[in-house]
Amino acid sequence: MDASEFHITECTIDDLPAMVDAYQSAFGREQVHQWIFPEATCPQEKSDPWVFSRFQKGFLNTPPGVKHFKTVHTSSGKLASWGRWTFPHETPKAETEEELKEEKKKNDEENRPDVPEGANVEAWQELFGALDRMQKKWVDGENMYIMGLLATHPDFQRRGCATMLLKHVLDMADREGRRAYIEATRPGKPVYEKLGWETVEVLRLSLDEEDVKAG
């Protein structure tokens, strides 16, 4: 990859349409995505506004430590890939009873399934419930860098965009002697392993409807 072909900068709220397009184009046909958002009941015209709304909330109510970065195709100005990192940060501790109630309310709202009409709620709960349990087991948010999402538009895949975005923050982690955490799909795993990530746990999901119903 020509080093001048792409450059990195932080995302802004004006990037939302391009971020949604990259995300849906990269993941929309993957098996797990189709499991949660079946084409027959939740086609992309339904899921696009929902994805836009979720990403928009991430800008308007940015959680502590969260930063969005993008690679831009220099000659065309198009967004090629983008990623969401959570930098090491101190989590404010609730002290008063009122603060504890607000924290519980916030956690309940975050854990409540918020999916578009026609989506597979059970599949959503199974996947993200399992990922949440893994994060609680392995993640130290005050001392680790966490890669939460990485999407490359198919027009720019296999041109080094994802690696460029990852190294941008991993170099910071290396300089500070900190660890990093990522949740990888099977296709993305080899890319991450080349950059030094090691597998600590494997999540296996059944896409069989009867298995899902049985938990």
Side-chain angles (χ1 to χ4, degrees), residues 1-2 5-6 8 11 15 18-40 42-44 47-48 50-52 54-55 58 67-73 78-86 115-116 119-120 122-135 137-139 144-171 173 179-209 211-212:
M1 178 184 70
D2 183 349
E5 187 178 7
F6 300 96
I8 294 179
C11 299
D15 292 313
M19 292 166 68
V20 172
D21 182 42
Y23 174 83
Q24 293 285 65
S25 298
F27 298 113
R29 295 298 173 188
E30 282 199 354
Q31 192 175 27
V32 171
H33 191 281
Q34 285 293 307
W35 182 44
I36 297 174
F37 306 107
E39 187 65 30
C42 189
Q44 190 167 330
S47 61
D48 270 356
W50 175 81
V51 172
F52 184 95
R54 285 181 65 85
F55 291 169
K67 292 180 180 292
H68 298 83
F69 296 99
K70 62 182 177 180
T71 56
V72 179
H73 186 236
K78 291 182 179 180
L79 182 148
S81 61
W82 68 277
R84 181 193 300 128
W85 279 97
T86 302
V115 294
N120 186 334
E122 291 80 9
W124 171 275
Q125 291 174 317
E126 180 177 350
L127 173 61
F128 289 97
L131 292 177
D132 184 58
R133 290 190 293 273
M134 287 175 65
Q135 284 209 12
K137 182 178 179 180
W138 296 104
V139 170
M144 294 174 70
Y145 283 87
I146 305 159
M147 165 54 81
L149 181 62
L150 179 63
T152 301
H153 193 283
D155 290 349
F156 298 101
Q157 289 178 358
R158 296 178 178 82
R159 293 169 68 175
C161 296
T163 299
M164 190 175 179
L165 270 183
L166 291 166
K167 284 184 60 62
H168 181 68
V169 177
L170 287 178
D171 287 347
R179 293 180 297 158
Y181 178 88
I182 193 170
E183 292 153 353
T185 59
R186 185 175 295 175
K189 186 170 175 281
V191 176
Y192 306 137
E193 289 175 333
K194 287 179 182 178
L195 293 172
W197 262 294
E198 297 179 357
T199 301
V200 294
E201 188 168 346
V202 176
L203 173 61
R204 300 189 187 282
L205 295 172
S206 170
L207 303 185
D208 181 85
E209 186 176 352
D211 284 350
V212 173

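We count residues from 1, following the sequence as given. Scope of the values below: all heavy atoms of this structure, side chains included, with no hydrogens, waters or symmetry mates.
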Donor-acceptor contact below 3.5 Å, side chain T152 vs main chain Q157: no
Step-by-step side-chain contact (heavy atoms from CB on, under 4.5 Å) determination, F27 to V51: CA-CA 12 Å; F27 298 113; V51 172; over 6 Å; no
From CA spacing to verdict: side-chain contact (heavy atoms from CB on, under 4.5 Å), L203, L127: CA-CA 9 Å; L203 173 61; L127 173 61; 4.2 Å; yes
Parallel, tilted or perpendicular: rings of F156 and H73 (30°, 60°): tilted
For W50, all residues meeting ring pair (Phe, Tyr, Trp, His ring centres under 6.0 Å), sequence neighbours excluded: F37, W124
Heavy-atom pair with the smallest gap, counting every atom of W138 and M144: O-SD, 3.7 Å
OH-CZ distance between Y23 and R84, expressed to the nearest 0.5 angstrom: 9.0 Å
W82 and H68 aromatic ring geometry - parallel, tilted or perpendicular at 30°/60° bounds: tilted
Heavy-atom closest contact (L166 atom, W85 atom, distance): O-CZ2, 4.0 Å
Side chain to side chain contact (heavy atoms under 4.5 Å, CB included) against D15, all qualifying residues, sequence neighbours excluded: C11, T12, M19, K70, L79
Audit row: L170, Y145, side-chain contact (heavy atoms from CB on, under 4.5 Å) steps and yes/no: CA-CA 8 Å; L170 287 178; Y145 283 87; over 6 Å; no
Nearest-0.5 Å distance, CD of residue Q125 to CG of residue D132: 12.5 Å
CG-SG distance between D155 and C161, expressed to the nearest 0.5 angstrom: 10.5 Å
Gap between atom NZ of K78 and atom OG1 of T71 - 0.5 Å precision: 13.5 Å
Distance in Å, L150 CG paired with Y192 OH, rounded so as to fall on 0.5 Å steps: 4.5 Å
Verdict with reasoning, M134 to Y181, per side-chain contact (heavy atoms from CB on, under 4.5 Å): CA-CA 11 Å; M134 287 175 65; Y181 178 88; 3.9 Å; yes
Anything under 3.5 Å between a donor and an acceptor, one on a side chain of residues 182-189, the other on a protein residue two or more places apart or in another chain? List them.
from: E183; atom 1: OE2; to: Q135; atom 2: NE2; distance (Å): 3.1
from: K189; atom 1: NZ; to: E193; atom 2: OE2; distance (Å): 2.6

Gap between atom CD of Q34 and atom SG of C42 - 0.5 Å precision: 9.5 Å
Whether W197 side chain and A180 backbone form a donor-acceptor pair below 3.5 Å: yes
